[in-house]
Amino acid sequence: MRPRWLAGRRRDRAPAAAALELRREDDGALVVELAGAWRLADGLPPAADVERELDRAPAPRVAIDAAGVAAWDSALAVFVHSVGQACRARGVPLDPRALPDGLVRLLELVREPAAPASRAAPAARGIARLGVRALRREERLRAAVAFVGETAIAFARFAVRRARLRPQDLWLLVQHSGAEALPIVALVSFLVGIILAFVGITQLRFFGAEAFVADIVGIAIVRDMAALITGVTLAGRSGGAFAAQLATMNVTQEIDALRTLGISPVEYLVVPRVLALTAMMPLLTLFADASGILGGAVVGTTMLNQPLAGYLRQTALALVPGDLAGGLVKGATYGLLIALTGAFRGMQAERSAERVGEAATQAVVTGIVAIIAACGLYQYVFFLFGW
């Protein structure tokens, strides 16, 4: 049997049921006094009592006094939020008194933003407009540099196995960026190989050197075109998808939820996407090499009546290991740039449905520009070193 003194202590500690009392102050203000335990499991007074009192006798303001609340959960937050909505609907200011600190922080998260001013600020003109644009570009540059820095730190944590991410998400991204992209990459590379072969035959015919079309197609495909075409294709396919996914998560506040849980969004969302696309791009580039060479072989064997084995042998003799290695390095670099631009545009998107589409468009355009610029830089460096 439980000791009588222990049972008495536990009964004394049990908080009373939720109680609501309405009273008026001298100036006519309505004071809502709360007491007891406000929990979902217990019976709670309805917020409609406050609304009926306001309809019966309007008040210059409403004050909520929760000093007598002994215990609470989300039920108290819902009650206070409902009273606040009723006050806003009637144009009555709400004055919360002695609310718990945790409840105040929770209400701050769901507080509606203030309405914008009815009169917009005058638009900048002339030199002021240039200054505004320069400041905006500086802010974007700072945001991009900060994002790259956060990504580098996240990869450092991943290298020492301290990054918080889900391996199953990484494998799903690998499948999406790799295996599912094979058909479109093969088709585009095959068609590019056909186009290069036609162009080569047309020009080499003036010199009677049509037989060297295999050399031109093989070198162009393996050195540059396979990686470049694969990068452009994945910029529109995976880069835009990454941006749309992250922008949607930003709109639905899922990224804020990760921060609230103490999880870095860069580690959880960006690192798997960068890893997946950077790892898959060299493999897709190899596949594009084979498809492009096969496309050129179709033209060479049909228009020049070359045997397929001879065409492939001539292509192999024209290539060196450095051509293949350079193409694979370019492919990995393009994959890194596409993933970074897509993730950056998605993370920086504003919270509206319209901005999701804009983020996807900006990711595709930025990714394509980035890989073409990187291709030109690689060409210059390889030329300097005689590769």
Side-chain angles (χ1 to χ4, degrees), residues 2-119 248-263 350-355:
R2 181 182 303 169
R4 184 176 301 174
W5 62 272
L6 182 57
R9 287 182 59 183
R10 293 192 176 180
R11 278 197 301 269
D12 294 339
R13 288 184 179 181
L20 168 65
E21 182 180 352
L22 304 177
R23 62 179 178 84
R24 295 277 180 168
E25 292 187 344
D26 296 337
D27 59 351
L30 178 62
V31 179
V32 182
E33 293 185 350
L34 309 178
W38 285 71
R39 296 193 180 112
L40 287 173
D42 304 326
L44 301 177
D49 296 343
V50 181
E51 299 180 14
R52 284 193 293 267
E53 180 64 21
L54 289 174
D55 294 336
R56 185 186 65 83
R61 60 187 177 88
V62 175
I64 299 180
D65 187 356
V69 174
W72 64 278
D73 57 12
S74 58
L76 180 58
V78 172
F79 177 84
V80 175
H81 184 64
S82 301
V83 173
Q85 287 183 330
C87 293
R88 282 192 296 271
R90 294 164 176 79
V92 179
L94 178 63
D95 178 23
R97 298 180 182 177
L99 288 179
D101 294 337
L103 180 58
V104 173
R105 291 193 297 268
L106 186 61
L107 293 176
E108 288 291 336
L109 294 176
V110 299
R111 178 176 295 177
E112 296 181 0
S118 57
R119 184 177 180 180
T248 303
M249 296 180 70
N250 200 14
V251 171
T252 57
Q253 299 183 351
E254 295 179 55
I255 295 179
D256 293 338
L258 289 175
R259 292 193 180 99
T260 303
L261 294 173
I263 300 175
E350 299 180 5
R351 296 179 178 178
S352 67
E354 180 182 1
R355 302 304 179 188

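The first residue in the sequence is number 1, and the count goes up from there.
Counting only heavy atoms from C-beta outward, the side chains of Glu33 and Leu20 never approach each other to under 4.5 Å. The shortest distance between side-chain heavy atoms of Leu22 and Val31 does not fall below 4.5 Å. With a 4.5 Å cut-off on side-chain heavy atoms, Glu350 and Asn250 do not count as touching. Between Val78 and Trp38, the closest side-chain pair of non-hydrogen atoms is not below 4.5 Å. Two residues are said to be in side-chain contact when any heavy atoms from C-beta on lie closer than 4.5 Å; Val32 and Leu34 meet this criterion.
Ionic pairing of Asp49 and Arg52 is present here: one or more N-O contacts between side-chain nitrogen and carboxylate oxygen are shorter than 4.0 angstrom. Electrostatic pairing of Glu53 and Arg23 does not count as a salt bridge here, judged by no charged N lying under 4.0 Å from a carboxylate O. Ionic pairing of Arg259 and Glu254 is not present here: no N-O contact between side-chain nitrogen and carboxylate oxygen is shorter than 4.0 angstrom.
Closest approach of Val251 and Ser352 over heavy atoms only: CG2-N, 3.6 Å. The heavy-atom pair separating Arg24 from Pro58 by the smallest distance is NH1-O, 3.7 Å. Taking every heavy atom of both residues into account, Val92 and Arg61 meet most closely at CG1-CA, 3.5 Å. Residues Gly84 and Leu94 share a closest heavy-atom pair of CA-CD2, 3.6 Å. The minimum heavy-atom distance between Pro60 and Gly28, with the atom names listed, is CD-O, 3.4 Å. Counting all heavy atoms, side chain and backbone alike, Ala71 lies closest to Arg39 at CB-NH2, 3.1 Å.
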### Query
Checking side chain to side chain contact (heavy atoms under 4.5 Å, CB included) for the pair Val80/Trp72: CA distance, chi angles, key distance, verdict?
CA-CA 12 Å; Val80 175; Trp72 64 278; over 6 Å; no
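For the atom pair CG of Leu261 and CG of Asp256, the computed distance is 11.0 Å after rounding to the nearest 0.5 Å. Between the CD atom of Glu51 and the OG atom of Ser82 there is a distance of 7.5 Å, given to the nearest 0.5 Å. We find the CG-CD1 distance between Leu76 and Ile64 to be 8.5 Å, quoted to the nearest 0.5 Å. In this structure, Arg351 CZ and Thr248 OG1 are separated by 13.0 Å, a value rounded to the nearest 0.5 Å.
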